[in-house]
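See below for the structure under consideration.
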Amino acid sequence: MKILFIIDELEFKYFEFNKLVTNFWLNVEFLKRSYNVFVATKNMLNITNALPHCFCTETYFKNDELFKKEDCRNISLDNFSAIFFRPDPPVDINYINATYILSLVNKEKTLILNSPEAIRNKNEKLYINDFPQIAPKNIVTSNPLIIREFLKENKEIIIKPLNRCFSSGVFYLYQGDKNTNTIINTATENGKTTVMVQEFLPQIKDGDKRLIYICGEILEYAVQKVATNDDFKFNDHCDANLRFTTLTKEEKEIENIISKKLNDDGVIMAGLDTIGGKVIEINITSPCFFIKEINSLYKINLEKIITDKLENYILKTAKQGFANIC
């Protein structure tokens with residue numbers, strides 16, 4: 001079977017050096033199982049003769065290293081058994097346009113993970129409000145007055161942009177901070193840009209936890225992401241800031257709350273960020289599963305566990321008909 005990974009431009013450029021990247025490990029594992037694996041970036045998607053295509057290059061594994069071939073071919077997307085759509089945010093107009101092309105793929109032939117409709121309709125920050133019982137208190141607004149009222153009520157808040165990743169543009173703000181107006185005006189671009197504002201969760205002192213959601217399940221393996229240097233949040237992907245952890249009772253119950261909804265939406269792979277049992281984000285664009293680090297911390301081969309579940313899902317949906325499943 002043929003599989004396509006649509007990855008980030010920087011990841012594509014430095015393809016052979018990406019052992020920190022989830023796509024690297026999944027690509028290798030599918031190759032070991034005799035799949036034909038191709039890679040591309042979202043700007044290589046195109047429509048030819050009214051059908052969705054992609055200029056992509058085949059990958060191969062040699063001497064324990066992953067490589068991609070030099071030649072690119074414009075292949076019909078309907079020729080792939082599965083397409084993993086995993087470019088990094090920002091989810092800008094180019095990202096959205098890519099989902100329009102993917103929506104033309106014949107769903108009777110090809111499974112897309114995650115669904116392009118889900119990527120368009122379910123913002124990673126806003127998605128938590130589909131599950132208010134496990135989400136922190138929050139508002140979504142561009143109005144500085146409303147944000148200041150929320151700050152007055154909650155004393156400490158977090159302000160997040162809606163379309164970025166890796167904690168980019170995230171601010172902590174406390175009542176009485178002399179930079180209050182500057183931070184709010186910067187985050188909202190003087191009231192023109194909508195942001196999410198969440199109550200501050202003091203458990204962040206121990207870091208936030210990345211849970212791995214695959215094919216309806218939350219795996220028992222997770223990683224604690226601790227703050228970097230003098231920051232209040234994790235924003236540096238290095239071993240010193242990633243620690244072994246276990247799931248709490250509350251975190252194990254999250255699966256029962258979210259799995260049916262995510263599956264119905266076409267979300268097969270997600271990374272759930274939790275603090276104190278609250279889900280602060282549902283990452284569905286290019287969730288990082290910290291495979292290298294979890295393998296080291298747990299002494300397992302996480303890529304095999306994830307690929308087992310993905311392979312079973314792909315084969316099962318192929319037999320039943322992709323369109324009927326998703």
Side-chain angles (χ1 to χ4, degrees), residues 1-9 11-12 22-23 26-27 30 35-57 72-127 129-130 162-165 213-216 258-271 282-287 310 313-326:
M1 294 201 297
K2 286 199 290 192
I3 289 178
L4 172 64
F5 281 86
I6 301 175
I7 61 179
D8 195 64
E9 284 83 357
E11 186 181 337
F12 186 87
T22 296
N23 296 327
L26 298 184
N27 192 327
F30 275 111
Y35 285 77
N36 297 315
V37 184
F38 293 74
V39 292
T41 59
K42 62 182 182 293
N43 60 303
M44 296 177 180
L45 293 166
N46 64 92
I47 297 174
T48 301
N49 297 323
L51 295 173
H53 284 67
C54 185
F55 286 96
C56 50
T57 182
C72 271
R73 289 182 283 154
N74 197 24
I75 300 176
S76 169
L77 295 181
D78 294 337
N79 287 339
F80 292 98
S81 299
I83 299 171
F84 290 86
F85 183 56
R86 292 178 51 83
D88 290 338
V91 182
D92 53 17
I93 189 59
N94 294 320
Y95 208 113
I96 296 300
N97 286 340
T99 69
Y100 290 136
I101 295 176
L102 289 172
S103 290
L104 299 175
V105 172
N106 186 342
K107 292 182 175 62
E108 295 286 349
K109 296 180 178 179
T110 305
L111 176 65
I112 304 178
L113 305 90
N114 288 316
S115 156
E117 290 77 20
I119 298 297
R120 277 201 306 274
N121 297 336
K122 298 297 178 180
N123 177 276
E124 294 189 320
K125 308 297 190 294
L126 304 184
Y127 209 176
N129 283 321
D130 282 32
L162 297 180
N163 68 340
R164 299 192 213 169
C165 62
Y213 174 90
I214 296 286
C215 304
I258 69 169
S259 58
K260 184 180 185 306
K261 174 64 174 169
L262 264 60
N263 186 67
D264 290 347
D265 290 340
V267 175
I268 313 306
M269 306 175 67
I282 302 177
N283 299 278
I284 63 173
T285 52
S286 58
L310 291 172
Y313 191 88
I314 292 168
L315 294 174
K316 181 182 73 173
T317 51
K319 290 178 182 178
Q320 298 180 27
F322 292 134
N324 294 328
I325 293 293
C326 301

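Please read these numbers as outputs of a predicted model, since none were measured by experiment. Residues: numbered from 1 along the sequence shown.
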Problem - Pair Thr57-Arg73, side-chain donor/acceptor within less than 3.5 Å - result: no
Handout entry: Derivation of the side-chain contact (heavy atoms from CB on, under 4.5 Å) call for Leu4 and Leu77
Key = CA-CA 9 Å; Leu4 172 64; Leu77 295 181; 3.7 Å; yes
Practice task
List the steps and the verdict of side-chain contact (heavy atoms from CB on, under 4.5 Å) for Ile119 and Asn114.
Solution key: CA-CA 7 Å; Ile119 298 297; Asn114 288 316; 4.2 Å; yes
Exercise for the section: Carefully, step by step, assess Asp88 and Ser286 under the rule side chain to side chain donor-acceptor pair (under 3.5 Å). Expected result: CA-CA 6 Å; Asp88 290 338; Ser286 58; 2.6 Å; yes
Practice task
Would you check if Ile282 and Tyr213 make a side-chain contact, meaning some heavy-atom pair closer than 4.5 Å?
Solution key: no
Problem - Tyr35 and Phe30 aromatic ring geometry - parallel, tilted or perpendicular at 30°/60° bounds - result: perpendicular
Handout entry: Donor-acceptor contact below 3.5 Å, side chain Glu124 vs main chain Thr285
Key = yes
Exercise for the section: Measure the SG-CG distance between Cys54 and Asn74 for me, rounded to the nearest 0.5 Å. Expected result: 7.5 Å
Practice task
Please examine the side chains of Ile83 and Lys2, heavy atoms only from C-beta on, and report whether any two atoms are closer than 4.5 Å.
Solution key: no
Fill in the blank from the handout: When rounded to the nearest 0.5 Å, the distance separating CG of Asp92 from CG of Asn97 is 9.0 Å
Handout entry: Side chain Asp265, main chain Val267, donor-acceptor under 3.5 Å
Key = no
Handout entry: Side-chain heavy atoms of Asn94 within contact of Asn43, under 4.5 Å
Key = no
Handout entry: Distance-only donor-acceptor check, side chains Glu117 and Ser103, under 3.5 Å
Key = yes
Exercise for the section: Report yes if some heavy atom in the side chain of Tyr95 is under 4.5 Å from a heavy atom in the side chain of Ile93; otherwise report no. Expected result: no
Handout entry: pair Val105-Phe80: side-chain heavy atoms closer than 4.5 Å
Key = no
Problem - Distance-minimising heavy-atom pair for Ala270 and Ile284 - result: CB-CG2, 4.2 Å
Practice task
Answer yes or no: is there a side-chain heavy-atom contact under 4.5 Å between Ile7 and Pro87?
Solution key: no
Fill in the blank from the handout: Interatomic distance, CD1@Ile268 vs CG@Leu111, rounded to 0.5 Å, equals 6.5 Å
Fill in the blank from the handout: OH of Tyr313 to CG of Leu310, rounded to nearest 0.5 Å, is 10.0 Å
Practice task
Kindly indicate whether the side chain of Phe85, heavy atoms from C-beta on, has any atom under 4.5 Å from the side chain of Leu102.
Solution key: yes
Practice task
Tell me yes or no: between the side chains of Asn163 and Asn123, is some donor less than 3.5 Å from an acceptor?
Solution key: no
Practice task
In sequence, state the C-alpha distance, the side-chain angles, and the governing distance for Leu26 and Thr22, and then conclude on side-chain contact (heavy atoms from CB on, under 4.5 Å).
Solution key: CA-CA 6 Å; Leu26 298 184; Thr22 296; 3.9 Å; yes
Handout entry: Residue among Lys261, Lys125, Lys260 satisfying salt bridge (charged side-chain N to carboxylate O under 4.0 Å, His left out) with Asp130
Key = Lys261
Problem - Beyond-backbone contact of Arg86 with Asp8, side-chain heavy atoms, under 4.5 angstrom - result: no
Practice task
Give, for atom CZ of Phe5 and atom CG of Asn23, the distance between the pair rounded to the nearest 0.5 Å.
Solution key: 6.0 Å
Practice task
Check the pair Ile314, Lys316 against side-chain contact (heavy atoms from CB on, under 4.5 Å), reporting the backbone distance first and the verdict last.
Solution key: CA-CA 6 Å; Ile314 292 168; Lys316 181 182 73 173; over 6 Å; no
Exercise for the section: Measure the spacing between CG of Asn79 and CZ of Phe38 and express it to the nearest 0.5 Å. Expected result: 9.5 Å
